[in-house]
Number of protein chains: 2
Amino acid sequence: MSQGNTAVPDIPDPFIHEVACPIRDILDRVGNKWSVQIILAVIQRPVRFTELERGIPGISRRMLTLTLRNLERDGLLVRTVFPTVPPKVEYTATDIARELYEPLEAMAVWARRHRGTIDTARVAYDERAARD
Amino acid sequence: MSQGNTAVPDIPDPFIHEVACPIRDILDRVGNKWSVQIILAVIQRPVRFTELERGIPGISRRMLTLTLRNLERDGLLVRTVFPTVPPKVEYTATDIARELYEPLEAMAVWARRHRGTIDTARVAYDERAARD
DNA sequence: CGGGATCCAAAAGGATACTG
DNA sequence: CAGTATCCTTTTGGATCCCG
């Protein structure tokens, strides 16, 4: 314990930041309540606004529009307006959105595999908390 | 257009929900501002509270505690109290947290690969929006 | 050292009326 | 049909003080 005790074995920053920062970037895009569902829907085929509204139960008009705009802005989907009457608008996934499917599916696999473990952990934790 | 026009080609729900629901479960856990950084830090070795506080710039005491509690509740990390004085508490990643690393890294790979494309898309979108 | 309790600001999200 | 605009509620996160 000479001069070295300010040299606390700090958390290895390079590792964390190289993984954490890109992930935060993604989460800022698709970490919200509706983006993933919209991406998955649009990945399969072009989808119209009203289709999405009916196909994603519980989403509000406002949030659908807002989420679509953000995804379009990030280049994850393309908005195509057909100047017909009544108007028709189609949303289409871009290539990078399609490439996002695999990572998403990897997350889903993890979640399905450990769902039981997590639920059990929750129950145990809550019981302990309830007993104070 | 006989009786079939209520049979709109709806979004293939089974596909979406089988992927989207588990993903929403994850995002409800690690989609917040700090969880990923904490998980990555703890995955490498047990870490103390104050180490995390210093190692994760910008996090508030409150959010660190809160996020740690939630991760512990979900069984992603274990809290160990050493009854010394002053007290010492270590947080350790569980196996399922370690298994989460691969999916996270897959997301990070996607993000790093397409960062440029996304930035370009944003700039283009914002320019168009600015021109009205 | 490792929090809990409290208060406050900001952001996300929902309901819905209106419109080209 | 595909939004926009407006208003409101809920959630999330930050600042701080206190305490064993």
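Just so it is clear, the model here is predicted, and its values are computed rather than measured. Letters A, B, ... are given to chains in the order of the sequence lines, protein chains preceding strands, and every chain is numbered from 1.
Taking both residues in full, the closest heavy atoms of D74(A) and I96(A) are given as O-CD1, 4.2 Å, listed atom of the first, atom of the second, then distance. When every heavy atom of V19(A) is checked against every heavy atom of A108(B), the shortest pair comes out as O-CB, 4.0 Å. Counting all heavy atoms, side chain and backbone alike, L52(A) lies closest to Y91(A) at CD1-CD1, 4.4 Å.
L68(A) places its CG atom 11 Å from the P atom of dA2(D), with the value rounded to the nearest Å. For E53(A) and dC1(D), the CD to P distance is 10 Å, given to the nearest whole Å. Between M63(B) atom CE and dA15(D) atom C1' there is a gap of 13 Å when expressed in whole angstrom units. The distance between atom CD1 of I38(A) and atom C1' of dA2(D), rounded to the nearest whole Å, is 14 Å. If you measure from atom CG of L64(B) to atom P of dC1(C), you get 14 Å, rounded to the nearest angstrom. Rounded to whole angstrom, the span from the CD1 atom of I59(A) across to the P atom of dT16(C) amounts to 16 Å. Rounded to whole Å, atom P of dG13(D) lies 16 Å from atom CZ of R69(B). Computed from coordinates, the L66(B) CG to dT6(C) P distance equals 14 Å when rounded to whole Å.
A residue-by-residue look at S60(A) and V89(B) shows that V89(B) has its nearest nucleotide of DNA chain C further toward the 5' end.
In this structure, Y91(A) does not reach the dC1(D) phosphate: none of its side-chain N or O atoms is under 4.0 Å from OP1 or OP2. Proximity of K33(B) to the phosphate of dG14(D): a side-chain N or O atom is located under 4.0 Å from OP1 or OP2. OP1 or OP2 of dC7(D) has not a single side-chain nitrogen or oxygen of R62(A) nearer than 4.0 Å.
Base engagement by T65(A) is indicated by at least one non-hydrogen atom pair under 4.0 Å involving a base atom. Residue R61(A) is classed as a base contact, given a heavy-atom separation below 4.0 Å to a base. Across all strands, F82(A) comes closer than 4.0 Å to no nucleic acid atom at all (heavy-atom distances).
Using a 4.0 Å cut-off between charged nitrogen and carboxylate oxygen, D119(A) and R115(A) do not count as a salt-bridge pair. R112(B) has a carboxylate O that lies under 4.0 Å from a charged side-chain N of E105(B), or vice versa, which qualifies the two as a salt bridge.
Of the listed nucleotides (dC1(C), dT4(D), dC1(D)), dC1(D) has the atom at the smallest distance from the side chain of R48(A).
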